[in-house]
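Below: one structure, written as structure tokens.
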Amino acid sequence: MRPVFALVDCNNFYASCEKLFRPDLRHAPVVVLSNNDGCVVARSKEAKALGIKMGVPVHKIQEQIQQHGVQVFSSNYALYGDISNRVMQTLEALAPAVEVYSIDEAFLDLTGVANAVDLTEFGLQVRATIQQHIGMTVCVGIAPSKTLAKLANHAAKQYPATRGVVDLTDPIRQKKLLSLMPVSEVWGVGRKLSERLNAMGITTALDLASQNPKDIRQKFSVVLERTVRELNGESCLALEDIIPTKQQILCSRSFGQRVTRYADMHEAISSYVARAAEKLRHEQQQCQLISVYIRTGLFNPNDPRYSNSASLRLDYPTDDTRVLLNAAGRLLQAIWKDGYRYAKAGITLSDFYDRGVVQPDLFTQQVISPNSARLMQVVDRINQQQRGKVFFASQGTGKAWAMNRNHLSPGYTTSWTQLRVVQ
DNA sequence: TCTGGGGTCCTAGGACCC
DNA sequence: TCTGGGGTCCTAGGACCC
């Protein structure tokens, strides 16, 4: 049976989440900022209509914000994550198989569904159900490959006449849409590839689809070859409904204010390590490689620039925050230089092993603290109830480096103390 | 003054092995 | 004049995604 995929994607997801609990803002322009209140990462349709661009630094559009009463929000990931879960759970109930692709989109496997119901009708039903249950508007793209489903979804968003659903299973419709889409809109074609393709005279999605896959593989890569095949309706990317285990965990932040003191940087790095280790244990994994990275700002021409990173392979895999803090401290010492104004730092954990499969040898055995697992468990359990309730001394209490979140909305659905009150 | 964070995959090149 | 060849593994860096 020929595969059929649907891509369900929430409209203006972060901005829509902010509007959910603020009916007074239903028709207001809303933007959501990146961490540290840096740049715009989401816009409501009213904000898009004002010409506010994706990714623009917020300080460059202050005037517009004032003039049009644009509502500004800091990123509230607790809220977005919770709304996302609700959307995904609803989809699970509607489709035979679901792949959660990102916080605001999912692929559905609709293979065989066409035998029972009209696909466009099905899409409209999905849309109506999500709208009713969660209050979130989604668009649905349906096609024989994921790449085409992405494109169909894009069309559903772009053209209101579609009522938010585009069924692209018909090859004639495929061709027509492909000819209208710039190649840069194709999933997997980013800025660099667009430039190279345009230089070769390949400007529309149809141009790319008409290329010989073998040639494309030779000139570019297997990835783009797959894209060409997918654009021709040949499914090369399967639905991945089993969540693969992570291969790395990152924690990095820009600072609310520039960091110049070693002690502050050490606090920040320690806090990132603690957070990453928590995620690592949540994944039931242990890691053997840790790296630390620091850098100054990128944009002020008067500030001298410096960036560096260092990594360390541990003697044995661990998920013990204390071991990782120790390693990170040594790495930071190795790359720290006085006299710079640091803007950002981060840490990466990688080289993962399943917890429990590690065989300690005669020598490392003595190093592993016997109470490690239990201690970490207790720490995690306490912090699950209230994040940051217990922490390691090196994380500090000053937090002079903490990121800006000056426009944060309440945790409407994730905090008992911040529930919406109806009067 | 102020410009995000968290991921994956592929490739090229070097080290190393026989 | 001629100075092996084939393979694997690892890492860094680039490109892409949302």
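First the proteins, then the strands, lettered A, B, ... as listed; each starts at 1.
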Mind checking if A/E105 touches a base, just sugar-phosphate, or nothing, with heavy atoms under 4.0 Å?
sugar-phosphate
Give A/V222 one of three labels, base, sugar-phosphate or nothing, depending on what nucleic acid heavy atoms sit under 4.0 Å from its own.
sugar-phosphate
Given that A/S252 and A/K60 both sit by DNA chain B, which one's nearest nucleotide is further toward the 5' end?
A/K60
Using the closest heavy atom to pick a nucleotide of DNA chain B for each, name whichever of A/S221 or A/G38 lands nearer the 5' end.
A/G38
If you compare all heavy atoms of A/P3 against all heavy atoms of A/T111, which two are closest, and at what distance to 0.1 Å?
CA-OG1, 3.4 Å
Please state whether the rings of A/F21 and A/Y412 are parallel, tilted or perpendicular, taking 30° and 60° as the class boundaries.
parallel
Test side chain to side chain contact (heavy atoms under 4.5 Å, CB included) on A/F13 and A/S84; report intermediate values, then the result.
CA-CA 9 Å; A/F13 183 60; A/S84 172; 4.0 Å; yes
For DNA chain C, just give me the dot-bracket, please: Watson-Crick or G-U, both distances below 3.5 Å, ( ) intra-strand, [ ] crossing earlier pairs, | paired with another strand, . unpaired.
....||||||||||||||
At a heavy-atom distance below 4.0 Å, which nucleotide of DNA chain C is the first touched by chain A, and which is the last?
C/dT11 to C/dC18
Numerically ordered, the residues 185-212 of chain A set in heavy-atom contact under 4.0 Å with DNA chain C is A/V186, A/W187, A/G188, A/V189, A/G190, A/R191, A/K192, A/L193
Between A/L331 and A/I290 the two heavy atoms that sit nearest each other are CD1-O, 3.6 Å
Quiz question: by atom type and distance under 3.5 Å, do the side chains of A/E18 and A/Y80 form a donor-acceptor pair?
yes
Select base, sugar-phosphate, or nothing to describe what A/L33 touches, counting heavy atoms under 4.0 Å on all strands.
nothing
